[in-house]
2 protein chains.
Amino acid sequence: MCPPGCLHSICQQATRRGLLKAGFSLGAIAAGASQFTATPVAAATPSAPATPKSFTDIIDLTHTLFEGFPTYDGAKWFSIEPALTWAKDKLNINRWTLMEHTGTHLDAPLHFSENGMTVDQIPITDLVVPLVVINIAARAADNPDAAVTPDDIKAWESKNGAIPEGACVAMNSGWHKLLDSPKFTGADGTGKYHTPGFHAETAQLLMNERSVKGIGVDTLSLDPGIKLGEFPVHYAWLTSGRWGVECLANLDAVPEKGAWLVVGGPKVRGGTGGPSRVLALI
Amino acid sequence: MCPPGCLHSICQQATRRGLLKAGFSLGAIAAGASQFTATPVAAATPSAPATPKSFTDIIDLTHTLFEGFPTYDGAKWFSIEPALTWAKDKLNINRWTLMEHTGTHLDAPLHFSENGMTVDQIPITDLVVPLVVINIAARAADNPDAAVTPDDIKAWESKNGAIPEGACVAMNSGWHKLLDSPKFTGADGTGKYHTPGFHAETAQLLMNERSVKGIGVDTLSLDPGIKLGEFPVHYAWLTSGRWGVECLANLDAVPEKGAWLVVGGPKVRGGTGGPSRVLALI
Ligand SMILES: [Mn+2]
Ligand SMILES: [Mn+2]
């Protein structure tokens, strides 16, 4: 390890902070300084530092998780019980038992693939990304089987420009406001479910013709509910090495363009996903 | 809900983004515009927008959580088992069982108080804060009972200026590099533990004479290990309504001043804390 002030550690920090780039080294500065003292030298000019991301406010896109958080089949996927209590122990600690895919949560590639990345293997830089919000709430209010289509993506781009490199594309279906309603699971009593999601062709478009890290939904599933048991989007998208985030909250509070999404996913060895703290920086 | 373009929703967005402040309304703009068309009017000038926070890189301060993550008494506080598997179900989901205070995790006020805030009640804006790093690694290498003292805080301030409003003050003791060593728990075989932490007087200083939201450590406990069973810092700090974060990783990778800490704590109803994704934006 470097002692404080060591050039190696200073250089490491500068590189990490985007101040130094490939082709620009402390050696080059020293050489430039010794050879050209009078005139600034173009060759020694560093490439532009990474554009800073900036924000002034923070919006929480996370639902509170509780026993009874909706699941398609009504099974309890999260439970919490006191393990140490103030009355007995003068401190409080609870024990949780949970299935990974409950609450506002991350889907890692392994969730729907044989050998995909586990949740702890997703690079952190892939979890802080530009947020694109596709609002289909008006359509979904009339039709809970509505899906984000390739035309929705193209309409967003006509208005806002190309989807940013490395973005997360999130569906705002209005379902984030229906957590307390039977509409959240959309069970129709005949074994079918009706909740909005991504059309399989949209997943293909985003995988093949755009550079997107993740997709997000404010429903229980990336796939529309009527696909339950088929999961074409889960299989295609997660197998491709990309991630998804489900049960997003509060999407009406973020702009359709310009926010940064922070997916505070669990760093659990071998995990297929799990409850996450998801924020928008705006 | 507002339709797109509605003034109410534009105003809401602008307020959220710090563009409009108390005393400055769309009404005032309209009045200003109608009464004074030639000269800009001081009274209608908005107060300065919030200073943008900016970053170019992201550092993960989270240890990977696994069965066997160190605990003081060696008990297993996290376990993971397959619930649905690729071989049988063509998808993967695990079940976790955990005690809230394991891995890199958040301590909510309720953890060491009778009626303090639960983890889901901590405002999200209190979890994205300036990061102050106090490095006592050299001293702790010689003495695992070392503590962050009021003098350490004052030395940091002499060099860097006052601790920023609303900061998290984190101890870098070097213990984040000792996860695989018996030094991480510091058990000495006689029932005592030796790990660095915050001195109780330092907690008092930060509570009473600075404006600090949280404290952080790269060890298992905010209190030095030799205090185990007493917890003066846990009781004073958490009872005051502030939070703590324990088992931080990778603290050598962040500057002692200037980073933004994002504590992606679990939003679990009634929780006393829990495994968190913790990032530094630099
Ligand atoms: Mn899922
Ligand atoms: Mn704790």
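Chain letters run A, B, ... following the sequence lines, proteins first, then strands; residues in each count from 1.
Here the side chains of Lys76(B) and Glu67(B) are in contact, with some heavy-atom distance below 4.5 Å. Leu106(A) is not listed as a side-chain neighbour of His111(A), based on a closest heavy-atom distance of 4.5 Å or more. Phe55(B) has its side chain out of reach of Trp260(B): every pair of non-hydrogen atoms, C-beta onward, lies at least 4.5 Å apart. Between Met117(A) and Trp243(A), the closest side-chain pair of non-hydrogen atoms is not below 4.5 Å.
Counted by atom type alone, Asp107(B) and His101(B) present one or more donor-acceptor pairs between their side chains at under 3.5 Å.
Nearest heavy-atom pair across Thr104(B) and Cys247(B) is OG1-O, 2.6 Å.
Interface residue Ile80(B): only side-chain heavy atoms are found under 4.5 Å from chain A. Using a 4.5 Å cut-off between heavy atoms, Leu127(A) contacts chain B through its side chain alone, with no backbone atom that close. For Phe69(B), no part lies under 4.5 angstrom from a heavy atom of chain A. Residue Val262(A) touches chain B through its side chain alone, counting heavy-atom pairs closer than 4.5 Å. For Ile93(A), the parts sitting under 4.5 Å from any heavy atom of chain B are the backbone and the side chain alike. Proximity to chain B (any heavy atom under 4.5 Å) is restricted, for Asp120(A), to the side chain, taken from C-beta onward. Residue contact with chain B, scored on non-hydrogen atoms closer than 4.5 Å, involves the backbone of His63(A) exclusively. Only the side chain of Phe78(A) comes within less than 4.5 Å of a heavy atom of chain B; its backbone N, CA, C and O stay farther away.
Per-residue counts of heavy-atom pairs under 4.5 Å with chain A were compared for Leu110(B), Leu281(B), Thr125(B); the largest is that of Leu110(B). Ranking Pro275(B), Pro266(B), Ala83(B) against chain A, the residue ahead of the rest is Pro266(B), based on heavy-atom pairs under 4.5 Å. Listed options Lys90(A), Met99(A), Glu114(A) were ranked by heavy-atom pairs under 4.5 angstrom with chain B; first place goes to Glu114(A). Between chain B and the options Arg269(A), His234(A), Arg277(A), heavy-atom pairs under 4.5 Å are most frequent for Arg277(A). Counting heavy-atom pairs closer than 4.5 Å to chain A, the top-ranked of the candidates Thr64(B), Thr97(B), Leu91(B) is Thr64(B). Between chain A and the residues Gly265(B), Ala108(B), Gly271(B), Gly273(B), the largest count of heavy-atom pairs under 4.5 Å involves Gly265(B). Of all the listed residues (Trp96(B), Phe66(B), Tyr235(B)), the one sharing the greatest number of non-hydrogen pairs under 4.5 Å with chain A is Trp96(B). When the candidates Gly264(B), Ser113(B), Gly116(B), Pro82(B) are compared by the number of heavy-atom contacts under 4.5 Å with chain A, Ser113(B) comes out ahead.
Between Asp218(A) and Lys177(A), no side-chain nitrogen of the basic residue sits less than 4.0 Å from a carboxylate oxygen of the acidic one, so the salt-bridge criterion is not met.
Screening residues 92-101 of chain A for salt bridge (charged side-chain N to carboxylate O under 4.0 Å, His left out), with sequence neighbours left out, gives Glu81(A)-Arg95(A).
For the atom pair CG of Asp57(B) and CG of Leu279(B), the computed distance is 11.0 Å after rounding to the nearest 0.5 Å. Of the inter-residue distances, the one linking Asp223(A) atom CG with Trp237(A) atom CH2 reads 12.5 Å to the nearest 0.5 angstrom.
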